[in-house]
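Beneath this line is the structure, given in structure tokens, with notes to follow.
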Amino acid sequence: MDMPSPRSIKTTCPYCGVGCGVIAEVQAGGDVRVRGDPDHPANFGRLCSKGSSLAETIGLEDRLLSPRVHGAPTDWNKALDLVAGKFGQTIREHGPDSVAFYVSGQFLTEDYYVANKLMKGFIGSANIDSNSRLCMASSVAGHRRAFGSDTVPGCYEDLDLADLVVLVGSNLAWCHPVLYQRIAAAKERRPTMKVVLIDPRRTATADIADMHLAIKPDGDVPLFVGLLRFLARNRKLNKTYIRTRTSGFTEALGAADAIDLYALVRLTGISATDLERFFELFAATERTVTVYSQGVNQSTTGTDKVNAIINCHLATGLIGRPGMGPFSVTGQPNAMGGREVGGLANMLAAHMAIESAPDRERVQRFWRSPRIAEKTGLKAVDMFRGVADGRIKALWIMATNPVVSMPEAENVAAAIRTCPFVVVSDITAATDTARLAHVLLPAAAWGEKSGTVTNSERCISRQRSFLQTPGDARPDWWIISQVACRMGHGAAFSYNDPAEIFAEHAALSAFENIGQRDFNIGSCAAINYEQYEDLAPFQWPRPANRQSVARMFNDGRFHTLSGKASFVPVQVAAPAATNAMGFPLTLNTGRVRDHWHTMTRTGKSQRLSQHYGEPFIEIHPEDAARFHIGDAELVRVSTGLGAILVRALITPRQQLGSIFVPMHWNDMFASRARVDVLVPSLTDPVSGQPALKNIPARVERFTAATYGFAVLRRKPSKIDATYWALAKCHGGWRVELALAANPEDLSEFVLALVGGTADVIAYHDRQSGHTRFACYEDGIPTGVVFLAPQPVAVSREWAISQLTHPDCGSRKRSTVLAGRPGSSAADRGATVCACFAVGANEIAAAVASGCSTVAAVGTATQAGTNCGSCRPEIRNIIERAERPTGPQAALVASS
Ligand code: SF4
């Protein structure tokens with residue numbers, strides 16, 4: 001076999017909406033290294049911990065390599081014929097609205113384009129929706145209400161230029177780390193720059209904030225309505241801008257006038273003094289950017305929140321100029337590309353409206369399609385309701401995992417189980433959703449795919465393949481086009497490569513567009529394969545023979561009928577009943593620093609799995625005391641829909657009365673931690689986006705008979721425990737576990753966990769009840785298991801290191817059984833810096849030896865000197881200036 005020659009390929013990171021440029025360096029032996037692309041305008045060479053670890057996620061472990069029908073491998077012809085035949089038959093018997101596609105912000109724009117074209121133009125239904133509905137649909141709806149188009153006005157450079165950055169419902173430090181680092185660097189250069197964080201939690205983002213407003217969940221609408229009222233009452237309005245560039249101000253102010261300062265304090269939970277400080281700062285600062293994300297969008301009032309923010313920028317004219325404007329940042333890497341092709345149930349294509357008959361006629365004529373969807377299709381939550389009640393009889397889920405990520409996730413799983421025909425295209429069969437498919441189609445993964453993505457600042461970049469597609473896997477655009485051809489639409493779907501699709505998408509954006517639609521990339525309408533291969537990142541719009549536009553609306557013209565921006569009169573609703581009977585706490589869900597979505601990729605990286613090894617609940621110390629929950633104990637979190645089991649992380653960063661559980665853990669990595677099982681399917685009435693936050697919940701301490709921690713060389717095939725969480729680690733796997741009742745034979749339990757036929761030595765301390773096992777095969781350690789009546793307090797990092805230490809005979813084995821480092825081995829503590837594997841104890845030691853700044857700790861330990869994602873945690877350790885101890889410290893690097 002020929003060895004590949006070394007090469008460097010410019011591509012983009014497939015995780016968040018920052019859209020960082022990546023250089024993939026393929027070594028002569030086939031190994032891949034990634035680094036940031038210094039020329040890419042999104043990141044100028046920076047990557048966060050997730051982007052830096054991309055090379056660890058491209059292995060073939062768990063890859064789906066051939067089509068499968070009812071679990072049996074088959075060939076593409078049979079699989080595609082079956083999918084096309086079943087969809088065709090269902091449409092003939094029950095009509096076009098009896099089928100649906102549920103797609104993904106992981107799709108490249110070309111994948112999205114063909115899926116949308118097939119469903120809306122050739123099947124004739126708009127039943128295509130995306131997991132981006134869960135991420136930013138409220139921002140889309142808010143933009144369209146205010147601007148008449150789904151347009152992000154500003155660009156990343158505005159974050160460098162702003163004098164005030166307001167971060168609303170956004171843990172930018174963890175969810176968009178490269179943008180966070182960009183703001184942190186700007187603030188370091190210009191210390192007069194101010195950052196305000198508005199978030200119920202004191203997240204890592206608070207590290208650079210001059211002011212943290214710990215707002216009540218869903219208090220954002222009152223806050224920004226109150227700001228509008230303050231601006232009006234303190235003569236801080238831009239009356240010329242309001243008069244000449246906007247409409248509806250009087251109505252919006254009328255709605256704002258209904259709320260006074262006392263009501264504001266009650267609804268936001270922020271003191272009158274802090275509210276006034278923030279309002280005065282906003283009113284006094286011209287260069288102000290308001291960045292918002294899922295904390296704003298994932299709410300039953302998400303669209304109103306977006307418009308309440310935009311209203312304040314319109315009232316002051318702070319939009320369309322350098323260093324100012326409202327700025328929605330997306331969670332998914334190509335949520336924006338999906339919006340551009342209209343890949344949502346309530347959009348058409350190229351920023352045309354499904355409600356508009358002329359737009360529908362135009363798109364149909366361009367596509368030369370036999371029909372066109374005439375009405376909005378089923379949005380994500382309604383789509384799965386349609387599956388449950390039998391309206392949807394054939395469902396194709398592409399590149400996403402709704403059994404983990406959708407609200408009422410258990411009901412979604414039940415609905416899929418009852419659907420007569422379910423197709424899943426994915427890179428792996430090892431997802432909670434793929435397990436339920438009748439037909440599995442193997443898709444190409446990042447590194448194998450070729451196409452374009454659009455990031456949060458409207459920048460379109462190429463994603464380029466640098467790996468051979470393994471087995472029978474194929475790109476999504478190819479799979480969808482092949483099904484379309486077999487459904488009889490070959491003339492419209494006979495694409496040879498993604499360049500042809502991109503050119504068609506660009507041509508549609510310019511088709512009969514003389515400025516009515518701002519999404520116009522007509523300059524790429526005639527792009528050929530070579531030009532597409534070389535395409536450099538550019539911001540839209542870029543019509544034919546014109547340059548890109550960095551900031552929109554700088555001419556004060558908008559895409560409404562009047563050409564003016566619209567104020568939206570936002571009503572302040574009574575806050576949701578968060579203290580529902582028996583559910584005294586408010587559950588918020590979200591992300592952690594080093595995992596992505598449902599962990600199907602980041603779960604493969606041992607580096608990324610170091611930061612948080614198991615699912616957890618953040619709870620305030622007073623709430624923990626109220627519910628008798630101690631450090632690192634297990635907690636049952638429940639709502640009216642079900643219960644999950646997670647580890648307690650007690651921290652004052654969490655607001656009293658609120659709890660936080662991350663959304664990532666699935667059934668592959670934990671026994672019962674899919675938090676979306678707990679989330680009701682309540683949606684924003686305008687955007688259809690589900691509220692994944694502000695959920696009434698309760699907590700109870702879960703008492704186990706035995707707690708355990710194990711490091712294993714082999715991945716266990718089954719873990720027979722009441723609670724377990726599995727994570728990759730250096731040399732194997734780590735398992736946290738708990739047993740409701742003690743097994744009859746502990747050794748048998750341990751051998752089943754370790755697998756194989758091990759040489760086992762054990763130690764039991766009668767007084768403490770601790771039992772430890774060390775297992776070896778041919779002198780090689782295959783597992784170390786610690787069991788105790790309380791949460792196990794052994795250093796996780798030290799235990800993991802035992803897997804890769806050679807067995808040095810009985811002395812070494814007795815050290816292992818002692819469950820603590822020998823006198824010569826330092827305990828590094830929980831990993832804080834994933835890039836250089838620096839532990840909390842090493843950082844604390846550096847602090848104790850005199851390092852009083854993040855930079856000094858970096859010089860001493862390397863921590864924080866690469867991607868920078870861990871710098872807030874390093875600063876936190878410096879501030880606490882104490883060495884974390886106990887199981888909690890071993891469990892979680894930050895609090
Ligand atoms: Fe990827 Fe991190 Fe950049 Fe987001 S910030 S695109 S996850 S490298």
Side-chain angles (χ1 to χ4, degrees), residues 10-25 32-58 105-108 132 135-136 155-156 159 167 170-185 203-205 208 291 293-294 327-337 445-447 449 452-464 537 590-605 607-609 611 662-664 833-835 864 866-872:
K10 288 196 169 199
T11 182
T12 45
C13 174
Y15 293 126
C16 82
V18 180
C20 296
V22 168
I23 297 180
E25 294 171 334
V32 174
R33 282 196 213 136
V34 298
R35 60 185 171 91
D37 178 354
D39 301 324
H40 196 287
N43 56 318
F44 298 108
R46 281 193 175 283
L47 291 178
C48 74
S49 50
K50 291 186 286 285
S52 305
S53 305
L54 272 165
E56 285 187 42
T57 66
I58 57 179
Q106 293 283 314
F107 258 14
L108 303 185
S132 297
C135 157
M136 51 64 206
C155 58
Y156 293 160
L159 300 172
L167 300 164
S170 166
N171 183 4
L172 212 67
W174 284 13
C175 302
H176 300 90
V178 166
L179 286 189
Y180 170 83
Q181 293 298 339
R182 191 161 177 164
I183 296 170
T203 61
T205 303
I208 57 163
V291 177
S293 188
Q294 274 80 340
F327 203 152
S328 144
V329 289
T330 64
Q332 291 271 8
N334 198 28
M336 293 283 279
W446 181 79
K449 293 173 74 147
T452 54
V453 289
T454 308
N455 72 8
S456 296
E457 64 161 353
R458 291 177 279 104
C459 181
I460 296 176
S461 299
R462 281 296 317 279
Q463 209 172 88
R464 296 181 174 89
R591 300 178 187 191
V592 300
R593 191 189 78 188
D594 287 354
H595 276 307
W596 171 252
H597 215 236
T598 63
M599 287 170 66
T600 49
R601 278 182 302 186
T602 49
K604 288 179 162 188
S605 161
R607 205 150 47 115
L608 295 178
S609 302
H611 190 228
M663 53 86 71
H664 308 287
C833 171
C835 296
N866 186 36
C867 76
S869 301
C870 61
R871 282 183 203 149

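We're numbering straight along the sequence, starting at 1. First listed ligand is number 1; within each ligand, the first listed atom is number 1.
- A side-chain N or O of S456 and one of T330 form a donor-acceptor pair less than 3.5 Å apart.
- Inclusion of C48 in the first shell of atom 3 (Fe) of ligand 1 is not supported: no N, O or S atom falls under 2.8 Å.
- Closest heavy-atom approach to atom 5 (S) of ligand 1 within the set L172, T12, V178: this belongs to V178.
- Interatomic distance, CZ of R46 versus OG of S52, reported as 10.5 Å (0.5 Å rounding).
- H664 contributes atom NE2, which lies 7.0 Å from atom CZ of R591 (distance to the nearest 0.5 angstrom).
- Per-residue contacts place G19 under 4.0 angstrom from the following atoms of ligand 1 (heavy atoms of the residue considered): 6 (S).
- Considering CZ of R607 and OG1 of T57, their distance stands at 10.5 Å, rounded to 0.5 Å.
- Looking only at atom types and distance, the side chain of S461 has a donor-acceptor partner in the side chain of H40 under 3.5 Å away.
- Close approach to C13 involves these atoms of ligand 1, each under 4.0 Å from a residue heavy atom: 1 (Fe), 6 (S), 7 (S), 8 (S).
- With 2.8 Å as the limit, H176 does not count as an N, O or S neighbour of atom 4 (Fe) of ligand 1.
- The protein heavy atom nearest to atom 6 (S) of ligand 1 is C20 N, 3.4 Å.
- Shortest contact from atom 4 (Fe) of ligand 1 to any protein heavy atom: C16 SG, 2.3 Å.
- By the 4.5 Å heavy-atom criterion applied to side chains, Y180 and N171 are not counted as neighbours.
- Near P177, the atoms of ligand 1 lying under 4.0 angstrom from a non-hydrogen atom of the residue are 5 (S).
- Taking a cut-off of under 4.0 Å to the non-hydrogen atoms of G51, the atoms of ligand 1 that pass are 8 (S).
- Heavy-atom distances between L47 and ligand 1 reach below 4.0 Å in at least one pair.
- Once rounded to the nearest 0.5 Å, the distance linking CG of D37 with SG of C13 reads 12.5 Å.
- Between the side chain of N455 and the backbone N or O of V18, at least one donor-acceptor pair lies under 3.5 Å.
- Proximity to Y15 (heavy-atom distance under 4.0 Å) selects the following atoms of ligand 1: 7 (S).
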